[in-house]
Amino acid sequence: MTDGAPLPDLTQPATVVAPALVGCTLVRRYGDGTVVRGLIVETEAYEPGDPACHGYRRRTARNGVMFGPPGTCYVYLIYGIYHCLNIVTDGVDVPSAVLIRALALDRLPPDLPPQQATPPHRVAAGPGKLCRTLAIDLTHNGTPLGPQSCLDLAPRRDPTYPLVQTTRIGLTQGTDLPWRWYLQDHPAVSKKG
DNA sequence: CTCACGATTGGA
DNA sequence: CCAATCGTGAGC
């Protein structure tokens with residue numbers, strides 16, 4: 001008796017995978033065996049031909065993972081402070097990834113750093129906050145998702161989700177592309193849209 | 001080699 | 001509105 005619900009096919013373009021990942025669960029396994037699950041409530045897609053995509057110009061040391069196989073994690077440092085987690089999609093040599101922007105956690109992680117200003121249900125509401133909360137950093141760049149990995153995906157349970165599609169947040173280029181998706185009215189979404 | 005800047009966040 | 005903070009990469 002296996003779980004019938006399949007994961008999204010990660011070999012597709014990011015604009016196809018991004019909406020399909022909303023409602024799936026990101027699994028974070030810690031070294032001590034602790035497991036924290038987060039419902040993916042918000043994503044953005046980045047593809048070739050998209051001026052906001054890190055792989056838009058060429059392959060570099062930083063964005064190399066984006067050009068690798070689908071199902072791996074692309075993590076980068078932004079503003080020298082925060083990390084952002086992406087799931088690489090599409091084929092090898094195709095720079096395509098889905099930014100995980102917000103999670104609804106099933107529990108608070110162990111050794112959670114002081115976040116007194118943030119309500120518990122909002123500790124993973126934003127790409128930088130979710131990486132900080134789940135202790136995801138550059139050491140996870142290139143990590144393959146999977147049952148043996150510290151990062152994994154689990155399929156949707158409830159197939160009926162009110163998805164909203166809007167433009168992406170915080171960009172200076174490609175601001176017109178409607179490549180952001182989120183669960184309507186979900187309290188863990190990073191910002192109103 | 002240099003230097004302006006960013007897929008963010010929290011505080012003024 | 002604005003600063004924090006640093007790796008990256010485009011340009012000289």
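FYI, side chains are in, hydrogens and waters are out, and symmetry mates aren't considered; it's all heavy atoms of this structure. Here the structure is a predicted model, which is why all the values come from computation and not from measurement. Chain A is the first sequence line, chain B the second, and so forth, proteins listed ahead of strands; every chain is numbered from 1.
Counting only heavy atoms from C-beta on, A/Leu99 has its side chain closest to B/dA7 among C/dC6, B/dT8, B/dA7. In this structure, the nucleotide among B/dT8, C/dC6, B/dG10 sitting nearest to the side chain of A/Lys129 is B/dG10. Taking only side-chain atoms of A/Ile81, from C-beta outward, the nucleotide of B/dT9, C/dA4, B/dA7 with the closest atom is C/dA4. Of the listed nucleotides (C/dC6, B/dG6, C/dT8), C/dT8 has the atom at the smallest distance from the side chain of A/Arg62. The side chain of A/Tyr79 lies closest to B/dG6, out of B/dA7, C/dG9, B/dG6.
Put simply, A/Leu130 and A/Tyr76 are part of two different groups of oily side chains (I, L, V, M, F, W, Y) that touch within less than 4.5 Å, one to the next.
The gap from the P atom of C/dT5 to that of B/dT2 amounts to 23 Å, rounded to the nearest Å. Atom name P, nucleotides B/dA7 and C/dA10: the rounded distance is 13 Å, in whole Å.
Judged by a 6.0 Å distance limit and a 45° cone about the ring axis, A/Arg62 is not positioned over the six-membered ring of A/Tyr74.
Between A/Asp137 and A/Arg132, none of the side-chain N atoms (NZ, or NE/NH1/NH2) sits under 4.0 Å from a carboxylate O, so this pair counts as no salt bridge.
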Pair A/Arg168-A/Asp50, salt bridge (Lys or Arg N to Asp or Glu O under 4.0 Å): steps then yes or no | CA-CA 12 Å; A/Arg168 297 173 296 182; A/Asp50 162 21; 2.7 Å; yes
Kindly indicate, with the supporting measurements, whether the criterion side-chain hydrogen bond (donor to acceptor under 3.5 Å, both in side chains) is fulfilled by A/Ser190 and A/Arg101.
-> CA-CA 7 Å; A/Ser190 67; A/Arg101 283 195 57 90; 3.2 Å; yes
Please test A/Glu44 against A/Tyr46 for side-chain hydrogen bond (donor to acceptor under 3.5 Å, both in side chains), starting from the C-alpha separation and ending with a verdict.
-> CA-CA 7 Å; A/Glu44 284 179 359; A/Tyr46 292 85; 2.6 Å; yes
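For A/Thr60, no side-chain nitrogen or oxygen approaches OP1 or OP2 of C/dT8 to under 4.0 Å. Distances shown here put a side-chain N or O of A/Arg101 below 4.0 Å from the OP1 or OP2 atom of B/dT8.
When rounded to the nearest whole Å, the span between NZ of A/Lys191 and P of B/dA7 equals 12 Å. Put simply, CG on A/Leu138 is 17 Å from P on C/dT5, counting in whole angstrom units. Between the CD atom of A/Glu47 and the C1' atom of B/dA7 there is a distance of 15 Å, rounded to whole Å. Rounded to whole Å, atom C1' of B/dT8 lies 16 Å from atom CD1 of A/Ile136. As a whole-Å value, the separation of A/His54 NE2 from B/dT8 P is 9 Å. Spacing between atom OH of A/Tyr56 and atom C1' of B/dA7 amounts to 16 Å, rounded to whole angstrom units. A/Leu77 places its CG atom 12 Å from the C1' atom of C/dA4, with the value rounded to the nearest Å. Between the CD1 atom of A/Ile78 and the C1' atom of B/dC5 there is a distance of 9 Å, rounded to whole Å.
When base pairs are accepted only as Watson-Crick or G-U wobble with both N-N or N-O distances under 3.5 Å, DNA chain C takes part in stems of 3 or more pairs at B:1-6 with C:6-11, B:8-11 with C:1-4.
Among the protein residues, A/Gly128 comes within range of the sugar-phosphate backbone only, with heavy atoms under 4.0 Å from sugar or phosphate atoms but none that close to a base. Using a 4.0 Å heavy-atom cutoff across all strands shown, A/Arg58 reaches sugar-phosphate atoms only and no base atom.
Side-chain contact annotation: A/Thr89 with A/Gln12, donor-acceptor N/O pair under 3.5 Å absent.
Results of the side chain to side chain contact (heavy atoms under 4.5 Å, CB included) test with A/Asn141 over A/Asn86, A/Leu85, A/Val75 single out A/Val75 as the only residue that passes.
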